[in-house]
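Everything on this sheet refers to the single structure shown next.
Here is the naming used below: chain letters follow the sequence lines, and residue numbers restart at 1 for every chain.
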Protein chains: 2
Amino acid sequence: MNTKPDIDEIDLQILEHLLMDSSLSHKHIGERIPMTGQAVGARIRKLQDLGVIEGYTLRWNPDKIGLHVHAFVTVFLHSPKAHSTFQAYALEHKHIAELHRVSGEGCYWMRVRISTPAELNDILDELLRYGNYKLSLSISQVK
Amino acid sequence: MNTKPDIDEIDLQILEHLLMDSSLSHKHIGERIPMTGQAVGARIRKLQDLGVIEGYTLRWNPDKIGLHVHAFVTVFLHSPKAHSTFQAYALEHKHIAELHRVSGEGCYWMRVRISTPAELNDILDELLRYGNYKLSLSISQVK
DNA sequence: CAACAATCCTTTCAATATGAAAGTAAAACA
DNA sequence: TGTTTTACTTTCATATTGAAAGGATTGTTG
């Protein structure tokens with residue numbers, strides 16, 4: 001038994017192509033390998049079955065629809081009891097785009113995308129119910 | 001002149017659908033609006049032209065191809081002169097998946113995806129050339 | 001008010017991409 | 001050596017796509 005399932009170099013090439021542009025046709029990707037579009041399709045299905053590919057989504061610009069504030073928040077919970085309610089709060093909150101349990105600084109790290117500083121302020125107020133926080137604002141995304 | 005370009009509720013619905021699954025057919029999305037697939041296609045092209053949709057990509061699981069370490073690093077640069085070399089370093093580094101200039105804690109925030117703690121150690125060593133850092137490891141992604 | 005233009009949709013149509021199935025070649029293995 | 005497995009290609013039927021043309025509605029202007 002290997003640590004990795006049988007994913008070879010060709011699979012990784014296909015993965016890289018799709019990460020760059022998942023709207024590429026199988027045929028187009030196949031020309032680079034080279035391989036027919038159908039063979040590429042079969043490998044992509046394999047990557048999905050293995051759970052390497054979880055789904056298809058967009059690269060997009062939230063700023064263009066008015067979500068001008070991009071914040072990184074480290075959360076320090078008051079008490080162990082706060083975890084479940086905090087997670088429930090974060091999961092249902094539309095503007096909490098990402099949430100991780102972390103070791104290191106604090107208990108959780110989260111990404112917030114929201115329209116205005118005032119709305120961010122509201123979120124921070126709500127966070128105080130669960131614990132404390134440390135805030136960083138993204139000024140520009142370099143990569 | 002409006003702050004937003006002409007993006008209406010229907011556009012946002014389409015955007016949400018594509019964020020959930022960008023492999024949905026235009027026709028399928030159209031059934032929920034409701035609208036023909038061709039009309040959905042035209043709106044998607046509009047969203048691309050406006051720069052709201054920047055491209056198509058995957059949701060995937062780096063862990064499955066051996067990238068077991070997911071780290072968030074806050075970087076504090078020594079001096080103003082370090083910025084350009086640091087950015088160049090980060091941009092070309094394969095395992096630095098995301099980089100933001102931030103206000104708040106430190107100068108930069110970055111996401112690192114890498115195979116082993118030992119390799120992370122190497123990156124941290126290299127970071128010391130530019131400044132200091134603070135490290136958090138993602139234990140589990142909640143959202 | 002009437003004519004016109006603009007917008008946004010539908011319908012139609014031709015080109016293309018897709019997945020399934022069958023066939024083939026090469027490698028792995030008894 | 002013969003058999004099985006694997007991974008590809010070819011073929012084919014179906015579905016998706018974008019372009020073009022047509023129609024309805026709304027807004028604009030003389």
>> From the set C:dC9, D:dT17, D:dC8, return the single nucleotide nearest to any side-chain atom of B:His26.
In response: D:dT17
> Is A:Lys134 reaching over with its side chain to a backbone N or O of B:Glu105, donor-acceptor style, under 3.5 angstrom?
Replying inline: no
>> How many whole angstroms separate atom CD1 of B:Ile10 from atom P of C:dT7?
In response: 17 Å
> Starting at CD1 of A:Ile33 and ending at P of D:dA7, how long is that distance when rounded to a whole Å?
Replying inline: 15 Å
>> What is the separation between atom CD1 on B:Ile44 and atom C1' on C:dC8, rounded to the nearest whole Å?
In response: 16 Å
> In whole angstroms, how far is the P atom of C:dA20 from the NZ atom of A:Lys46?
Replying inline: 17 Å
> In terms of the angle between their ring planes, are B:Phe86 and B:Tyr89 parallel, tilted or perpendicular, with boundaries placed at 30° and 60°?
Replying inline: tilted
> Quick one: A:Tyr56 OH to C:dA17 C1', roughly how many Å, whole number?
Replying inline: 14 Å
>> Ignoring hydrogens and geometry beyond distance, is the side chain of A:Gln38 in donor-acceptor contact with the base of D:dT11 at under 3.5 Å?
In response: yes
> Is the phosphate of D:dG18, meaning OP1 or OP2, less than 4.0 Å from a side-chain N or O of B:Arg45?
Replying inline: yes
> Starting at the 5' end of DNA chain C, which residue's closest nucleotide do you reach first, A:Ala42 or B:Arg43?
Replying inline: B:Arg43
>> Using modelled atom types and a 3.5 Å cut-off, is there a donor and acceptor pairing between side-chain atoms of B:Lys143 and backbone atoms of A:Leu91?
In response: yes
>> From C-beta outward on A:Met35, which listed nucleotide comes closest to its side chain: C:dC9, C:dT10, D:dC8?
In response: D:dC8
>> I'd like to know whether CZ of A:Arg59 has more than 12 heavy-atom contacts from other residues, nucleotides or ligands below 6.0 angstrom.
In response: yes
> Which nucleotide sits closest to the side chain of A:Lys27: C:dA17, D:dG18, C:dA20?
Replying inline: C:dA17
> In whole angstrom, what separates B:His28's NE2 from C:dT18's C1'?
Replying inline: 17 Å
> Could you give the CD1-to-C1' distance, from B:Ile29 to D:dG18, as a whole number of Å?
Replying inline: 15 Å
> Nearest to the side chain of A:Ala39 - C:dT18, D:dT9, C:dT10?
Replying inline: D:dT9
>> Quick check on C:dC9: is either OP1 or OP2 less than 4.0 Å from any side-chain nitrogen or oxygen of B:Thr36?
In response: no
>> Between C1' on D:dA7 and CD on A:Glu9, what's the gap in Å once rounded to a whole number?
In response: 17 Å
>> Tell me whether the rings of B:His70 and A:His100 are parallel (<30°), tilted (30 to 60°) or perpendicular (>60°).
In response: perpendicular
